[in-house]
Amino acid sequence: MTRFAPSPTGYLHIGGARTALFNWLYARKAGGKYLLRIEDTDRERSTDAAVQAILDGLAWLGLEADGPPLFQFARAGRHKEAAESLVAAGKAYRCYLSSEEETALKEAARAKGLAFRSPWRNADSGTPPAGAPFVTRLRAPSENEFIRVHDKVQGVVTTAGREIDDFILLRSDQTPTYMLAVVVDDHDMGVTHVIRGDDHLTNAARQTALIHAFGWQVPTYAHIPLIHGDDGKKLSKRHGALGVEEYRDMGYLPEAMRAYLLRLGWSKGDLDIVSTEEALELFDLEGLGKSPSRLDFAKMGSVNAHFMRLADDQRLVTLMREHAARAGQPEIAKSDAELAAAVAYLKDRAKTLPELYDQFGFILAARPLPRDEKTQKTLSEEALARLGRLQPILAHVETWHHTEIKAALDKFAEAEGIGFGKIGPPLRAALTGGLPAPDLAIALELLGRDESLARLGDVM
RNA sequence: GGCUCCUUCGUCUAUCGGUUAGGACGCCUGAUUUUCAAUCAGGAAAGACGGGUUCGACUCCCGUAGGAGCUGCCA
């Protein structure tokens, strides 16, 4: 049983997406379940829009949970009850410190290099002021105890009890903190494996102390290194900490995102691009790396190109149309079937969906095509004369298919007694006006006979 | 400040005491060639630094430097 537990305070960024992917893969591989828990105990910062963004992002990535999402705040009652059971058992206590007193004590503790302890942790600290607000704190492990976290990535991490402070379980308004909620929920949900960012590594020691207080089973931890920006600094909005929907809008395929994210921090020998199907067979915690990795858009592009080639042409047409619409680009006035046929030739020339759309540029261009200096030069008098002789031949190609067109072109070049190098450039200049386009026979087929002949006519 | 974690080509990584330190992306060169790509062939490119341990260290230990995290009534 694994879980992905984002807090809905912003979009689902790429690091979170990778964490979700690893949890999802691990559960599926092991025949277990993967659940989603929305950690919304911070009422100030949690928003419904963020919840939706996370849900949408995960859906786009195809990382559906094995059950409905659990909203943590809805379980506040259970959390409170759990904390109170700890108080009753003497493992936690009520602390009546004012915030000024607390700040002073914390500063003093820090100056001495000790973790914060409240005087209220001791039973003989006096009678509680009647009606005064209080928080509930964990009675942290004693000075000579050690908490060991057995982490599948980081190894055994030992923390001295004196390093663990009497952290708050229940705030003064009796709502649970993150530390309490995580521990109680993971236990109640039956979570056995916790795969999360290593920003939680030191929290794992705290949580382990809490779990011990409850007398519960400690889950297996795997703290994965964070993803950094391409400058090695922490991921920020400037360099890639975008919501996953922005990657979608940049024209990446979800299966490519999964493959790229998988390799960011996980490896299996020399394997490079690992499809989701293969990953479902191969994923393991042993392959997780220990050092932070950086986002590399160039690599991401090449991975995406790989999956574009494998993708179904009709699907690419649909996705490409969605993108063009979203980007406000003109629609391509051709049927899906026609486009799919073209995509088959054009998709290995594009790394992303917008690039695929751009490949249609030469088809979309309106007649007469503008000519730059280079095309003008290519269309010499000699070349134009030759195109004039080619025109009727193309007009009579029986089936307008690239193999037949190619045969006609070759035959023409032979008849003219010239290499294709003499006919290709001017023909291309006439047909595309210098825009990038595929092989000429294919370009001719895609353009259609009428348009092709019309473009030839335009230059003569 | 204290505690914890990390450190192999520009990037993602393989290596788990003995290798010419391998692969991928990117880059460079060449081939192909009708543009741009794609493709194919080749190339440059790495163990942060300093000490140990050992017959032998990228690999184990210590230190230094750099990076990151935690140290919240945030998660």
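Letters go in sequence order (proteins before strands), and every chain restarts at 1.
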Task: Euclidean distance for C1', B:U8 against B:U4 (whole angstrom) - done: 24 Å

Open item on the list: Between C1' on B:U13 and CG on A:L295, what's the gap in Å once rounded to a whole number?
Closed with: 16 Å

- [ ] List in numerical order all residues of residues 35-47 of chain A for which some heavy atom is under 4.0 Å away from an atom belonging to RNA chain B.
- [x] A:E39, A:T41, A:D42, A:R45

Open item on the list: I'd like to compare against my own output: the B/S/- annotation of nucleotides 58-63 of chain B with a strict under-4.0 Å heavy-atom distance to protein.
Closed with: ------

TODO: Look only at the side chain of A:E404 and the backbone of A:H401, and say whether a donor-acceptor pair between them is shorter than 3.5 Å.
DONE: no

Open item on the list: In whole Å, I'd like the distance from the CG atom of A:D166 to the P atom of B:U71.
Closed with: 15 Å

- [ ] Identify whether any heavy atom of A:M179 sits under 4.0 Å from a base atom; if not, whether one sits that close to sugar-phosphate; answer base, sugar-phosphate or nothing.
- [x] base

Open item on the list: By nearest atom, which of the nucleotides B:U13, B:G69, B:G26 is closest to the A:S267 side chain?
Closed with: B:U13

Task: For A:H187, ring-ring contact (aromatic ring centres under 6.0 Å, His included) partners two or more places apart - done: A:W216

Solution key, residues 358-368 of chain A side-chain donor-acceptor pairs under 3.5 Å, sequence neighbours excluded:
from   : atom 1 : to     : atom 2 : distance (Å)
A:Q359 : OE1    : A:R349 : NE     : 3.0
A:R367 : NE     : A:D458 : OD2    : 2.7
A:R367 : NH2    : A:D458 : OD1    : 3.1

Open item on the list: Counting only heavy atoms from other residues, nucleotides and ligands, does the tally under 6.0 Å from CG of A:D173 exceed 12?
Closed with: yes

Task: NZ or CZ of A:R43 within 45° of A:F73 ring axis and under 6.0 Å - done: yes

TODO: Keeping the roles fixed (side chain from A:N23, backbone from A:T19), state whether a donor-acceptor pair exists under 3.5 Å.
DONE: yes

TODO: Taking atom P in both B:U7 and B:A48, compute the distance separating them and give it to the nearest angstrom.
DONE: 9 Å

Task: Atom pair distance, as rounded to whole Å: OH in A:Y11 and P in B:A75 - done: 19 Å

Open item on the list: Below 4.0 angstrom, which residues in residues 195-204 of chain A have at least one non-hydrogen atom near RNA chain B?
Closed with: A:D198, A:D199, A:H200, A:L201, A:T202, A:N203

Task: Any side-chain donor near an acceptor of the partner, A:D185 and A:H79, under 3.5 Å - done: yes

Task: Of the listed nucleotides B:U13, B:U11, B:C6, the one nearest the side chain of A:S293 - done: B:U13

Task: A:K290 NZ - B:G69 C1' separation (whole Å) - done: 15 Å

Open item on the list: Could you work out, with ring-ring contact (aromatic ring centres under 6.0 Å, His included) as the rule, every residue matching A:H223, not counting sequence neighbours?
Closed with: A:Y221

Task: C1' atoms of B:A57 and B:U15, separation to the nearest Å - done: 13 Å

TODO: For nucleotides B:A45 and B:C12, find the distance between their C1' atoms and express it as a whole number of Å.
DONE: 15 Å

Determine all donor-acceptor pairs shorter than 3.5 Å in which one atom belongs to a side chain in residues 436-444 of chain A; sequence neighbours excluded.
from   : atom 1 : to     : atom 2 : distance (Å)
A:D439 : OD2    : A:A441 : N      : 3.0

Open item on the list: With rounding to the closest Å, how many angstrom separate the P atoms on B:G22 and B:C58?
Closed with: 14 Å

TODO: Please name the pair of heavy atoms, one in A:K351 and one in A:E355, separated by the smallest distance, quoted to 0.1 Å.
DONE: N-OE1, 2.9 Å

- [ ] Quick one: look up who B:C58 pairs with, Watson-Crick or G-U, both distances under 3.5 Å, and put none if it's unpaired.
- [x] none

- [ ] Could you please name the option among B:C73, B:C3, B:U11 that lies closest to any side-chain atom of A:E163?
- [x] B:C3

Open item on the list: Assess, by modelled atom type and distance only, whether the side chains of A:R428 and A:T432 contain a donor and an acceptor separated by less than 3.5 Å.
Closed with: no

TODO: Please give the nucleotide sitting opposite B:C3 as a Watson-Crick or G-U wobble pair, both distances under 3.5 Å, or none.
DONE: B:G69

Task: Option among A:V244, A:L264, A:L261 that satisfies the side-chain contact (heavy atoms from CB on, under 4.5 Å) test with A:I14 - done: A:L261

Open item on the list: Measure CZ/A:F73 against P/B:C74 and give the value in whole Å, please.
Closed with: 12 Å

- [ ] Write down the distance between CH2 (A:W120) and C1' (B:C73), rounded to a whole number of angstrom.
- [x] 17 Å

Open item on the list: What's the gap between B:U59 and B:U53 when it is taken at their P atoms, as a whole Å value?
Closed with: 15 Å

Task: Who pairs with B:G63 - Watson-Crick or G-U, where each distance is under 3.5 Å - done: B:C49

Open item on the list: Under a plain distance cut-off of 3.5 Å, with no hydrogens placed, do A:Y260 and A:H306 share a side-chain donor-acceptor pair?
Closed with: no

Open item on the list: Keeping A:E101 on the side-chain end and A:L97 on the backbone end, is there a donor-acceptor pair under 3.5 Å?
Closed with: no

Task: ring-ring contact (aromatic ring centres under 6.0 Å, His included) partners for A:H323, two or more places apart - done: none

Task: Check: A:L369 and A:R455 side chains under 4.5 Å, non-hydrogen atoms - done: yes

Task: Opposite nucleotide pairing with B:A24, Watson-Crick or G-U, both atom distances under 3.5 Å - done: B:U11

Open item on the list: Both distances below 3.5 Å, Watson-Crick or wobble geometry, any strand: find the nucleotide opposite B:C40.
Closed with: B:G30

- [ ] Tell me what A:I168 touches on the nucleic acid: a base, only sugar-phosphate, or nothing, going by heavy atoms under 4.0 Å.
- [x] base

Open item on the list: Does a side-chain N or O of A:K106 approach OP1 or OP2 of B:G72 to a distance below 4.0 Å, or not?
Closed with: yes

Task: Listed once per pair and sorted, the salt bridge (charged side-chain N to carboxylate O under 4.0 Å, His left out) pairs that draw on residues 256-265 of chain A, sequence neighbours left out - done: A:R263-A:D272

- [ ] For B:C6 versus B:C62, give the span between their P atoms, rounded off to a whole number of Å.
- [x] 12 Å

Task: Atom-pair distance (CH2 on A:W266; P on B:A14), nearest Å - done: 11 Å

Write out a two-atom table: protein N or O, nucleotide N or O from nucleotides 20-23 of chain B, distance below 3.5 Å.
from  : atom 1 : to     : atom 2 : distance (Å)
B:G22 : N2     : A:D270 : OD1    : 2.8

TODO: Report the distance from atom CZ of A:F116 to atom P of B:U71, rounded to the nearest whole Å.
DONE: 14 Å

- [ ] For nucleotides B:U33 and B:A41, find the distance between their C1' atoms and express it as a whole number of Å.
- [x] 16 Å

Task: Under 4.0 Å protein heavy-atom contact, by nucleotide of nucleotides 34-44 of chain B - B base, S sugar-phosphate only - done: BBBBSS-----

Task: Side-chain (A:T177) to main-chain (A:I168) donor-acceptor, under 3.5 angstrom - done: yes

Task: Phosphate OP1/OP2 of B:A75: any A:R171 side-chain N/O under 4.0 Å - done: yes

Open item on the list: At 4.0 Å (heavy atoms only), tell me whether A:V157 reaches a base, stays on the sugar-phosphate, or touches nothing.
Closed with: sugar-phosphate

Task: Upstream residue (5' side of RNA chain B) when A:Y260 and A:T177 are each assigned their closest nucleotide - done: A:Y260

- [ ] Check ring-ring contact (aromatic ring centres under 6.0 Å, His included) between A:F283 and all other residues, then give those that pass, not counting sequence neighbours.
- [x] A:F22, A:W266

Open item on the list: What contact category does A:R206 fall into here, base, sugar-phosphate, or nothing, at under 4.0 angstrom with non-hydrogen atoms?
Closed with: sugar-phosphate

